[in-house]
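Below: the structure, in C-alpha cells.
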Amino acid sequence: MSCGISKAGFLEQEAPRLENWLNNQRNGQMSYMENNFDKRLNPTLLVDGAKSVVSLLLNYYPKEFQNEETYKISKYAYGQDYHYVIKEKLKELLFSIQATIGDVSGRTFVDSAPVLDKAWAAKSGLGWIGKNSNLLTQKVGSFYFIAELIIDLDLEYDTAVTDHCGTCTACIDSCPTEAIVAPYQVDGSKCISYFTIELKENIPEEMKGKFEDWVFGCDICQDVCPWNRFSKAHNEPLFDPNKELLSMSKKDWEELTEDTFKMVFKNSPLKRSGYNGLIKNIDFLK
C-alpha cells in the first residue's frame, strides 16, 4: 500500500475539467456524476473540519489470469468486492491514528462518495494522471485501487510528481471503441466498462465486434501501458479469484446458471451488473 497526503480544499484545476466533461455528456447515463458537484471538488463540504486528504493505493494485480480464449472480466473484479475489503482496512487505520494521537475525526472513502480519487492521489504525489485518465506510477503501473481518509488533522503535505507519458499513445491507439477522444480525455459513454457495467439498457448495435470478448469492465488501456510492465502481484488473499473463474471457457460462460453465478462470484464486484446484466453482455458478444 502507498500513501500520500494533501491539504483539504477546493480543487481549482479540476473544476473546469469536470464541468466540461459533464457538459459534453461524457458521463452517459451515469447521472449520479452530475450530483454533488461542489462536494466533488471540495472535501471540506463532505467532512466537517477537514484539513487533510490521506490518499492510499492498494495493488490488485493478480498472480494468475483467465485463459486467453474466453470471455474476460477486469482484473479488479477477480476477487472479493474491493469496497468492503478496503473499507475495513481504512477503519483500522483511522482507529490506529486515534489510538496514537487522540481525538481525530474523519471519514473513509472507497469509490462510494463524491470524491475525485485520482485528482487527490495525483495531488499527493502518488502518481500522475495518464492519457487514459488512470493514475500511473513509475514503480508499479496502474493496477491498484484508490481510497481516501479525510481527517481534521493538519499534516505534512506531499507534492505532485511530473507526467511521464511522453509521446506514447499506446492507450489511445488500442481502445477499440475510441473512448479516449484526446490525450487525457475519456468519453465515459463510449467505454467498454460503461457498456458492460453501467448501461442498463441494450448495448447499441454499432458496438458489435468491438468488445474483444470483455463482458465486465475492460483493461485494454492498462494492459498496453508500458508502465504496467512493472506491475507486481498483490499479496491480498481476498483479491484472489475463485479457481472456477480462471478455468471457465466461453461455453461455461454461455451456460452459466444463476446458482453457479452466485457461487463463483459471491461477494464479487460482478454483483453490480448482476446475473442478468452479465448474460445480456455475453449474448451481445456471441
Side-chain angles (χ1 to χ4, degrees), residues 1-15 18 32-33 35-61 76-129 134-137 139-140 142-161 232-240 266-269 271-272:
M1 183 177 275
S2 303
C3 173
I5 305 169
S6 298
K7 185 176 176 60
F10 181 63
L11 287 169
E12 200 170 329
Q13 290 182 324
E14 293 299 322
L18 179 58
Y32 60 86
M33 293 294 297
N35 303 334
N36 301 303
F37 183 82
D38 292 338
K39 287 181 179 177
R40 280 183 197 281
L41 295 163
N42 192 347
T44 64
L45 302 176
L46 269 177
V47 180
D48 289 339
K51 291 180 180 175
S52 298
V53 179
V54 181
S55 294
L56 300 137
L57 306 182
L58 185 62
N59 179 25
Y60 65 81
Y61 193 71
Y76 82 82
Y78 274 21
Q80 292 193 23
D81 192 327
Y82 64 96
H83 294 92
Y84 305 112
V85 175
I86 298 175
K87 200 84 170 173
E88 287 307 308
K89 293 180 186 294
L90 285 182
K91 284 179 186 172
E92 286 177 28
L93 176 60
L94 182 56
F95 291 149
S96 174
I97 291 170
Q98 289 166 335
T100 307
I101 296 172
D103 186 19
V104 177
S105 255
R107 285 178 65 188
T108 59
F109 298 92
V110 188
D111 193 24
S112 56
V115 178
L116 293 178
D117 303 306
K118 290 180 283 192
W120 284 109
K123 193 175 172 68
S124 64
L126 289 175
W128 72 95
I129 295 177
N134 285 318
L135 187 83
L136 305 179
T137 77
K139 292 180 181 175
V140 290
S142 63
F143 288 104
Y144 40 72
F145 300 115
I146 307 174
E148 296 80 33
L149 182 59
I150 301 178
I151 52 178
D152 64 348
L153 189 65
D154 279 315
L155 297 166
E156 286 187 22
Y157 301 117
D158 297 299
T159 53
V161 298
K232 299 177 181 70
H234 67 77
N235 56 7
E236 173 50 72
L238 295 175
F239 292 156
D240 288 339
K266 185 183 179 185
N267 303 323
S268 156
K271 284 186 173 179
R272 186 164 173 84

| task | Would you indicate whether the side-chain heavy atoms of Leu58 and Lys89 approach each other to under 4.5 Å? | result | yes
| field | side chain to side chain donor-acceptor pair (under 3.5 Å) against Lys232, all qualifying residues, sequence neighbours excluded | value | none
| task | Check Cys3 against Leu56 and note the closest heavy-atom contact, atom names and distance. | result | CB-CD2, 3.9 Å
| Closest approach of Ser142 and Asn134, non-hydrogen atoms and distance? | CB-CB, 4.5 Å
| query | Which residues satisfy the side chain to side chain donor-acceptor pair (under 3.5 Å) test with Asp117, sequence neighbours excluded? | reply | none
| query | How far apart are the C-alpha atoms of Phe109 and Leu46, what are their side-chain angles, what is the distance that settles it, and do they pass the side-chain contact (heavy atoms from CB on, under 4.5 Å) test? | reply | CA-CA 11 Å; Phe109 298 92; Leu46 269 177; 4.2 Å; yes
| request: Please step through side-chain contact (heavy atoms from CB on, under 4.5 Å) for the pair Asp81 and Lys271, ending with a clear verdict. | output: CA-CA 9 Å; Asp81 192 327; Lys271 284 186 173 179; 6.0 Å; no
| field | Minimum heavy-atom distance Leu126-Ser2, with the two atoms named | value | CD2-CB, 3.9 Å
| field | Distance in Å, Leu135 CG paired with Thr137 OG1, rounded so as to fall on 0.5 Å steps | value | 7.5 Å
| field | For the student: nearest non-hydrogen atoms of Leu155 and Ile151, plus distance | value | CD1-CD1, 4.0 Å
| message | Just to verify, what does Ser105 make a side chain to side chain donor-acceptor pair (under 3.5 Å) with, not counting sequence neighbours? | response | none
| message | Is there a side-chain contact (heavy atoms from CB on, under 4.5 Å) between Ile97 and Leu149? Walk through the geometry before answering. | response | CA-CA 11 Å; Ile97 291 170; Leu149 182 59; 3.7 Å; yes
| remark: Heavy atoms of Glu148 and Val53 approach each other most closely as CG-CG1, 4.0 Å
| query | Does some side-chain heavy atom of Trp120 sit less than 4.5 Å from a side-chain heavy atom of Val115? | reply | yes
| said: Let's go through Ile101 and Leu153 carefully: what are the C-alpha distance in whole Å and the side-chain angles of both, what is the deciding distance for side-chain contact (heavy atoms from CB on, under 4.5 Å) to 0.1 Å, and is it a yes or a no? | reply: CA-CA 10 Å; Ile101 296 172; Leu153 189 65; 3.8 Å; yes
| Contacts of type ring-ring contact (aromatic ring centres under 6.0 Å, His included), residue Tyr144, not counting sequence neighbours | none
| message | With rounding to the nearest 0.5 angstrom, report the CG to CG distance, Asn59 to Asn235. | response | 8.0 Å
| Considering only heavy atoms from C-beta outward, does the side chain of Gln80 approach that of Glu236 to under 4.5 Å? | no
| field | Distance-minimising heavy-atom pair for Ser268 and Ala77 | value | OG-O, 3.9 Å
| OH/Tyr60 to OH/Tyr78 distance, rounded to the nearest 0.5 angstrom? | 10.5 Å
| field | Expected output: side-chain Lys87 to main-chain Val110 donor-acceptor under 3.5 Å | value | no
| field | Listed once per pair and sorted, the salt bridge (Lys or Arg N to Asp or Glu O under 4.0 Å) pairs that draw on residues 91-113, sequence neighbours left out | value | Glu88-Lys91
| request: Please confirm whether the backbone N or O of Ile5 pairs with a side-chain atom of Asp158, one donor and one acceptor, at under 3.5 Å? | output: yes
| Got a sec, which pairs hit salt bridge (Lys or Arg N to Asp or Glu O under 4.0 Å) with one end in residues 44-53, sequence neighbours left out? | Lys51-Asp154
| Side-chain heavy atoms of Ser124 within contact of Tyr157, under 4.5 Å | no
| Tyr82 versus Phe239: any side-chain heavy-atom pair under 4.5 Å? | yes
